[in-house]
There are 2 protein chains.
Amino acid sequence: MSTHSIQTRDPDPAPIFAALGDRTRLSLVMKLSDGQTRSIAKLSADTEITRQAVTKHLRVLENAGLVSSSRVGRESQFALRPEPIAEIRSYLDEVSRQWDDALSRLRSFIEQ
Amino acid sequence: MSTHSIQTRDPDPAPIFAALGDRTRLSLVMKLSDGQTRSIAKLSADTEITRQAVTKHLRVLENAGLVSSSRVGRESQFALRPEPIAEIRSYLDEVSRQWDDALSRLRSFIEQ
DNA sequence: GATATAGGCAACCAGGAGGTTGCATCATGA
DNA sequence: TCATGATGCAACCTCCTGGTTGCCTATATC
């Protein structure tokens, strides 16, 4: 297995958050969130930055497991992978749940 | 208004993701997710890195709106702010919703 | 085969991130 | 008031990040 495209379950959500912590990469994720597959050329068509910069961002997303790529003819097709998104969603749900629990405990304490 | 502690509604979720994209900061968020308030000394008690490094991370979280701080006596008390977390939760919900919609459209197309 | 298109690779650059050390400041408590 | 504990400030360092440019390779297409 190469060091690229690590798609195994990662118990640490920080790299996923880090991969999403960039405007350009977030917009790439949004473009791919319709389930369609897109080439690098198409993904860098309406951006200010160069194709190479977009490619770098796509590799970052791929290393975080957020997208997958496959060569089709002369172009690389990229697709969104929803698993890491589900992972950090459940992580944030856990944080919110702890927060809500603490709040309701405080509320019931006050009402005593 | 200072450049620190920007807590107004930010339409760009990327800085929030970026602030969470670090192991140390994620663990700080987890520690504060019980709704309790903690000083810098307490938050850097059981970490490997120095107090100053923890302080820097707390300022990053504060600039992203994820925590708030207030000086109480000789210590700075930090508390979690749930609003940015709710913001990126709804953002991720939107991505997942678009993904699910695309999937069900594909499914119904196949079944035709 | 010649040409245009899609992508990969590598070097390079400026600036920021994460971390440290050293020292100053402020509040507390005996 | 004086020692201690909590924090702030600033300089410094290394490494990573986001971006560029130049060039090479591979695939279509005419």
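A, B, ... follow the sequence lines: proteins, then strands. Residue 1 opens every chain.
Distance check: A:Asp93 CG to B:Asp93 CG gives 7.5 Å after rounding to the nearest 0.5 Å.
For B:Asp101, the side-chain hydrogen bond (donor to acceptor under 3.5 Å, both in side chains) criterion is met by B:Arg97, not counting sequence neighbours. Residues passing the salt bridge (charged side-chain N to carboxylate O under 4.0 Å, His left out) test with A:Arg74, sequence neighbours excluded: none. With sequence neighbours left out, B:Gln52 forms a side-chain hydrogen bond (donor to acceptor under 3.5 Å, both in side chains) with no residue at all. In this view, B:Gln98 and A:Ser33 satisfy the side-chain hydrogen bond (donor to acceptor under 3.5 Å, both in side chains) rule, not counting sequence neighbours. Considering only residues two or more places apart in sequence or on other chains, A:Glu83 meets the side-chain hydrogen bond (donor to acceptor under 3.5 Å, both in side chains) condition with none of them.
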Subject >> Per-nucleotide protein contact string for nucleotides 11-20 of chain D, where B marks a base within reach and S marks sugar-phosphate only (heavy atoms under 4.0 Å, - for neither) >> reply: -------SBB
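A heavy atom closer than 4.0 Å to some atom of DNA chain D occurs in no member of residues 26-46 of chain A. Near DNA chain C, meaning a heavy atom under 4.0 Å away, the residues from residues 71-80 of chain A are A:Arg71, A:Arg74, A:Glu75, A:Ser76.
Counting only residues at least two apart or in different chains, salt bridge (Lys or Arg N to Asp or Glu O under 4.0 Å) contacts with residues 102-112 of chain A are absent. Counting only residues at least two apart or in different chains, salt bridge (Lys or Arg N to Asp or Glu O under 4.0 Å) contacts with residues 44-56 of chain A comprise A:Lys31-A:Asp46. Residues in residues 36-45 of chain B take part in these side chain to side chain donor-acceptor pair (under 3.5 Å) pairs, two or more places apart or across chains: B:Asp34-B:Arg38.
When all heavy atoms of B:Val95 and A:Met30 are compared, the pair lying nearest together is CG2-SD, 3.6 Å. Minimum heavy-atom separation, B:Leu43 to B:Phe78: CD1-CB, 4.2 Å.
The closest donor-acceptor contact from the side chain of B:Arg81 to the backbone of B:Gly65 lies under 3.5 Å.
Along DNA chain C, read 5' to 3', the first and last nucleotides having any atom under 4.0 Å from a heavy atom of chain B are C:dG18 to C:dT28.
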